[in-house]
Amino acid sequence: MFGVTQEGNSVCGNVHGFEPYFYISCLDGIGPDDVPKFRSTLETRMREANRNSKTQNFITKIEIVQKRSVMYYQVQKARSFLKIVVALPTMVAGCRGILEKGINIDGIGQRCFLTYESNVLFALRFMIDCDIVGGNWIELPAGNYCKSTRRLSYCQLELDIHYSKIVSYAPVGQYSKMAPFRILSFDIECAGRKGHFPEPEHDPVIQIANLVTVQGEQRPMVKNVMTLKSCSPIVGADVMSFDTEKEVLLAWRELVTEVDPDIIIGYNICKFDLPYLIERAQKLNVVEFPMLGRIRNSRLRIKDASFSSRQYGIRESKEVTIEGRVQFDLLQAIQRDYKLSSYSLNSVSAHFLGEQKEDVHHSIISDLQNGNSETRRRLAVYCLKDAYLPQRLLDKLMFVYNYVEMARVTGVPISFLLARGQSIKVLSQLLRKSKQRNFVLPNVKSQGAGGGETFEGATVLDAKAGYYDKPIATLDFASLYPSIMMAYNLCYCTLVRAEDLQKFMLGPEEVTKTPSGDVFVKPSLEKGILPEILEELLAARKRAKADLKEATDPLEKAVLDGRQLALKVSANSVYGFTGATVGQLPCLEISSSVTSFGRQMIDHTKKLVQERFNTSNSYSYDAEVIYGDTDSVMVQFGTPDVDEAMKLGREAAQQISATFTKPIKLEFEKVYWPYLLISKKRYAGLLWTKPEKYDKMDTKGIETVRRDNCLLVKNLITECLHKILIDRDIPGAVQYVKNTISDLLMNRMDLSLLVITKGLTKAGDAYESKTAHVELAERMRKRDAATAPTVGDRVPYVIIKAAKGAKAYEKSEDPIYVLENNIPIDPQYYLENQLSKPLLRIFDPILKNASKELLHGSHTRSVSISTPSNGGIMKFAKKRVSCAGCRTPISEENQILCKHCQGREAELYQKTVANVRDLEQLFGRLWTQCQRCQGSLHQDVLCTSRDCPIFYRRKKAQKDLGEAELQLERWDF
DNA sequence: TCGCACGCCTAC
DNA sequence: TAAGGTAGGCGTGCGA
C-alpha cells in the first residue's frame with residue numbers, strides 16, 4: 001500500500017499474509033472428508049495447465065464455510081461453500097476456468113461448478129476484507145509493524161505489517177480531512193518535423209515544464225522548466241537548460257524521484273506526454289529513465305488501452321502504470337464530468353477559468369526551438385502555462401475533493417475512478433454489504449453475446465405542445481428509482497423464483513408482486529441489501545447536506561459538497577447496474593420491476609391530479625397535466641397567479657404523496673411561467689421557486705443546450721427565447737431574427753459562429769452511412785493523419801458552397817482550412833438546414849404565419865455575392881474588376897467606378913478610406929487581445945487556436961483589411 | 001415524396 | 001472479463 005502521512009511524508013506499507021481466494025458452492029454430499037481429494041485433483045489440473053510454472057503449490061488452502069448466494073430469496077439462511085485459496089492473484093482466473101468447465105473427482109465424477117466472487121480484483125478484495133476505502137486514513141499501530149530492512153520502494157517511510165493489524169478509519173470527524181498530497185503538474189514540448197505531428201521515433205523532447213503543489217496550499221513549491229539548449233530567464237520560474245536531450249529526460253526523472261509526487265497531473269498526459277517520454281527514452285537508449293514509480297528498479301511499461309461505454313463513448317488511450325502514484329489526466333476527468341463542444345485545453349480553460357491560452361501550432365515549435373535563447377524562452381513560457389493550467393483546473397473544479405470523496409463513498413481506489421466505469425463502484429459497495437450479511441456474489445456470465453435482452457423503461461407522457469401563459473407547476477418524485485427499490489424491497493436476495501413461490505409456501509401478504517409480474521419478499525422475511533445500501537447512501541447525503549449548511553471552513557465545505565454529490569450519483573447508479581446486461585451481476589427482474597412501478601406511479605399521479613383538482617371539487621379551475629417524463633408531471637392548475645399555483649402544487653404533492661408507500665415522495669419543486677412546450681423532452685420557460693421573482697430561464701432539449709449546433713443557432717434561439725419569455729417582446733424577437741438572417745446572407749457572420757461540432761463515436765470504417773463529420777475526419781486524415789480527429793474526438797466543421805444538390809457530407813470542411821484558403825461558406829445551408837426549423841418550432845406556437853414572416857421576408861433577399869479574393873477555386877478564375885460604388889462588374893481594368901457611380905468619387909473615396917481605418921482599428925483591438933492572452937505585448941502573436949472566437953475574428957479582420965487596402969490602392973493612380 | 005435506418009445527443 | 005439504463009427528437013442519406 002502507498003500513502004502519505006499527515007505531515008506529508010510518503011509511505012510504503014508492505015502488507016503480508018493476505019491471500020487471493022474465491023468460492024464455489026458445495027455439492028450435496030460433499031463433506032469435510034472429500035476436501036483433500038478435491039484439493040489434490042484441482043492442484044493436478046492447475047499444474048497441467050501451467051506446465052512451465054515453477055510454482056510448487058497452486059492451491060494453498062480449501063475450507064468449508066457457511067455462506068449464502070445473494071441471488072434469489074432462500075429460506076435456508078446458510079449452506080456450505082468451499083473457499084478456495086490460491087498462491088497468487090493471477091491464478092484465480094485459471095482455477096475458475098477449470099472449475100467452470102468441469103473436473104472429474106474420484107468417487108464423485110465429472111462436475112461443473114458455479115464460482116462466486118472469482119472476478120474481484122485482488123486489490124479490491126484486500127480493501128474490502130480490511131474495511132479500507134479509497135482515500136481514507138489508515139493506522140499501522142505502534143508495535144505491530146517493523147521498519148523494512150530491505151527497502152523495496154523509494155518512499156520516505158517503508159514498513160512491514162501483517163494485514164490483520166491494519167486499522168482503517170471511516171472518513172468522519174478528524175478522519176474526513178484530506179491528506180496533504182504532493183501534486184506534480186507537467187507538460188512537454190516536442191519539435192516535430194515540418195508538416196508532421198511529433199513522433200517519438202524521430203522528434204526530440206525539447207522542453208518539460210513542471211509545477212509542484214501541496215494539496216490545499218495556494219502557492220506551488222516548485223515551478224520550473226527544463227529546456228534543450230539555452231533559454232533566457234523567466235521571472236518566477238527556474239529555467240534549467242541542457243545540451244542534450246538525454247540530460248533533459250534525466251533531469252525530469254530526477255525531479256520526479258526527488259519530489260516524489262503522490263499525484264501526477266497534466267492535460268492529455270495519459271495519451272501523449274507520458275508515453276512520449278517513455279518511447280523517446282527507449283529510442284535514445286536512456287535505460288535508467290522509465291523508473292518513475294515508487295518501486296525500486298521497476299520500469300514503466302506502456303500498454304494500448306481502450307475504454308468503451310455508452311455513457312463515456314469509445315476512448316482510446318495508453319496505459320502507463322506508475323507504481324504508487326495516481327495519474328490524474330485533466331482531459332479524461334473533464335471529458336467524463338462535463339459535456340462541452342470542445343475539449344482542447346484552450347477552450348476548456350476559457351470555459352472554466354475565463355482565461356484563454358496561447359495555442360501554438362506544432363509546426364511553429366521547431367522554428368522557435370531552432371532560433372535563439374529568446375525564442376526558446378517564448379516556448380518555455382507557453383510550456384509553463386500548459387503545466388499551470390491543469391493545476392488551476394484541478395483547483396477550480398475541486399477534483400481532488402470530489403474524487404477522493406467518491407472513492408470514500410464507493411470504496412474503490414482513486415485510480416479506478418478515471419480508469420474504470422460506473423459498475424465497479426456499485427460492485428464494490430455490493431461486495432462490502434454482502435460480506436456483512438454473509439452473502440456471496442455469483443460470477444454469472446453475460447447471457448448471449450452482446451446482451452441483446454432489454455426491458456421497458458419509463459413513461460413519457462404525451463406533450464400537449466404550445467405556449468402557456470399561465471403558471472405550470474412541476475411535481476417531481478424525489479430520487480424515484482432508489483425510493484422504489486427501498487419501498488418494495490427490490491433486491492437480488494429478495495427476488496423469488498417462480499418455482500420457489502409454492503415451494504416456500506409464501507403467502508400473498510409476505511411478498512410483493514410488481515407490475516412487471518416479478519415477485520419479491522417483504523423486509524420481514526429478508527431485507528434487501530440494495531435497499532440497505534440506498535438507505536445508507538441517502539441518509540449519508542442528508543447528513544452531508546446538513547453538515548454543509550453548518551460548515552464555515554471552505555475546505556470542509558468542499559469535502560462535504562463533494563461527498564453529497566458522490567452519494568447522489570452513487571444512489572442513482574444502482575438501478576443502472578441491475579439493468580446492465582453486459583455487466584457483473586445483471587438482474588432484469590429488478591430493473592424492469594423498478595420501471596414498471598415508475599410507469600404506474602406517473603399514470604396514477606396524473607389521474608389523481610386531474611380527478612381532485614377541478615371545479616367539481618370546489619377548486620376555481622380544472623387542473624390539466626400537460627406533460628410529464630419518468631418522475632415528473634407538469635400541471636396547469638388553471639390559475640393565472642404564480643403564488644396560487646405554488647400553493648396548489650404543494651397541496652397536490654402532499655395529498656398524492658400520502659397515497660404511496662414510504663419512502664416514495666412526490667414533491668412540489670417549481671413553477672414554469674410562461675412555458676413553451678415544444679414536444680416530448682423539449683421545452684423552455686421561466687423557472688420560479690418563489691413567488692416574488694423568477695430564478696432563471698430554463699431550457700431542456702432544445703438547440704440552446706445541444707452541443708451539435710453552431711453558435712449562430714444557439715445564440716439566436718437563446719436570444720429569441722429571452723425576448724419572448726422575459727421581455728415579452730415578440731416584435732423585438734422577430735426583428736432580431738430578421739437582422740441575423742440578413743447578416744448571415746450578407747456574409748457578415750464570424751466563422752466561429754458557424755462551426756458545428758459532432759463527436760466521432762466510432763472508427764471511420766465502422767460507420768454504415770455517410771455523414772458530414774465522419775467524411776471530413778476521413779479527408780483530414782488523408783491530409784495529415786497525426787492531427788486529424790480520431791475516435792472519441794469532437795470534429796468541428798463548417799458547410800461550404802458547392803455544386804447544387806451536393807450532399808452535406810460533401811460540403812463539410814475544417815474551419816481552419818476554410819480560413820487559410822479563403823473558401824466561401826454556404827449561407828443558404830445555414831438558413832435552411834440549421835436555422836429555419838428550430839426557429840419555426842419556437843415561433844409557430846406564438847406567431848401567425850411564422851414561416852412567411854421570418855424566412856421569406858425582404859431581409860432574405862439582400863444576398864451578397866461572395867467573391868473570395870484568392871485561393872480556393874477562384875484562384876483559377878479570371879480576376880474581375882468591380883465598381884467600388886455598387887460592385888457591378890466593369891470591363892475596364894483601370895476604371896474604379898461604373899457609369900452610374902461616376903460623379904460620386906469624393907464620397908466613395910472617403911468611404912473607402914473610412915472602411916480601411918475602421919478595419920485597422922478592429923484588427924488592432926483583436927491583435928491586442930491576442931497579445932494579452934499570450935502574456936506579452938511586445939511579440940508577434942503565434943496563436944492558431946481552432947476554438948477561440950477572437951482568433952476567427954482576428955483572421956477575418958485581417959483578410960477584410962487586406963481587401964479594403966487593395967480597394968484603396970485602386971484610387972492611387 | 002415518403003418512410004426508414006442510422007447517428008447524435010439529450011431528458012430523466 | 002471492460003463496458004450503468006430506456007425514451008425520444010431530429011437531421012441526414014437512401015431506396016421504394
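All chains are named by letter (A, B, ...) in the order of the sequence lines, taking the proteins before the strands, and each is independently numbered beginning at 1.
- Remark: A/Arg315 is not positioned above the aromatic ring of A/Phe307, lacking an NZ or CZ atom under 6.0 angstrom from the ring centre and at most 45 degrees off the axis.
- As judged by a 4.0 angstrom heavy-atom cut-off over every strand, A/Tyr683 is placed among residues touching the sugar-phosphate backbone only.
- For the OP1/OP2 pair of B/dC9 and a distance below 4.0 Å, the side-chain nitrogens and oxygens of A/Arg794 include at least one atom meeting the criterion.
- A/Asn833 has a side-chain polar atom (N or O) that falls below the 4.0 Å cut-off from OP1 or OP2 of C/dT12.
- Nearest-nucleotide assignment on DNA chain C puts the 5′-proximal partner with A/Phe577, out of A/Phe577 and A/Arg841.
- Distances shorter than 4.0 Å separate some side-chain N or O of A/Lys762 from OP1 or OP2 on B/dG7.
- In this structure, of C/dG11, B/dG7, B/dT10, it is B/dT10 that holds the atom nearest to the side chain of A/Arg707.
- In this structure, A/Lys758 fails the cation-pi test against A/Tyr797, since its NZ or CZ atom is not both closer than 6.0 Å to the six-membered ring centre and inside 45 degrees of the ring normal.
- Contact annotation for A/Tyr481: no contact, since no heavy-atom pair falls under 4.0 Å across all strands.
- The shortest distance between the side-chain N/O atoms of A/Lys700 and the OP1/OP2 oxygens of B/dC12 is below 4.0 Å.
- Base engagement by A/Lys681 is indicated by at least one non-hydrogen atom pair under 4.0 Å involving a base atom.
- The side chain of A/Gln422 lies closest to C/dG4, out of C/dA7, B/dC8, C/dG4.
- Looking at heavy-atom distances under 4.0 Å, A/Gly579 makes contact with sugar-phosphate atoms alone, never a base.
- Residue A/Arg706 is classed as a base contact, given a heavy-atom separation below 4.0 Å to a base.
- The residue A/Val426 sits apart from the nucleic acid: no heavy atom pair falls under 4.0 Å.
- Of the residues A/Val774, A/Leu776, A/Thr771, the one that meets the side chain to side chain contact (heavy atoms under 4.5 Å, CB included) test with A/Ser812 is A/Leu776.
- In terms of phosphate contacts, A/Thr454 brings a side-chain nitrogen or oxygen within less than 4.0 Å of OP1 or OP2 of C/dT6.
- Listed for the A/Asn50 side chain is a donor-acceptor partner under 3.5 Å among the backbone atoms of A/Met46.
- In this structure the side chain of A/Tyr627 never reaches within 4.5 angstrom of the side chain of A/Lys464, judged on heavy atoms.
- Within the nucleic acid shown, A/Thr761 comes within 4.0 Å of sugar-phosphate atoms alone, with no base atom in reach, counting heavy atoms only.
- Proximity of the aromatic rings of A/Tyr683 and A/Tyr675 is defined here by a centroid distance below 6.0 angstrom, and this criterion is met.
- Protein atom CG of A/Leu530 is 13 Å distant from nucleotide atom C1' of C/dG4, rounded to whole Å.
- Residue-level contact check: A/Lys837 touches the backbone only, with heavy atoms under 4.0 Å from sugar-phosphate atoms and none from bases.
- For A/Tyr767, the side-chain atoms get nearest to B/dG7 when compared with the rest of C/dG13, C/dG5, B/dG7.
- Residues of residues 304-316 of chain A having a heavy atom closer than 4.0 Å to DNA chain C, listed by number: A/Phe307, A/Ser308, A/Ser309, A/Arg310, A/Gln311.
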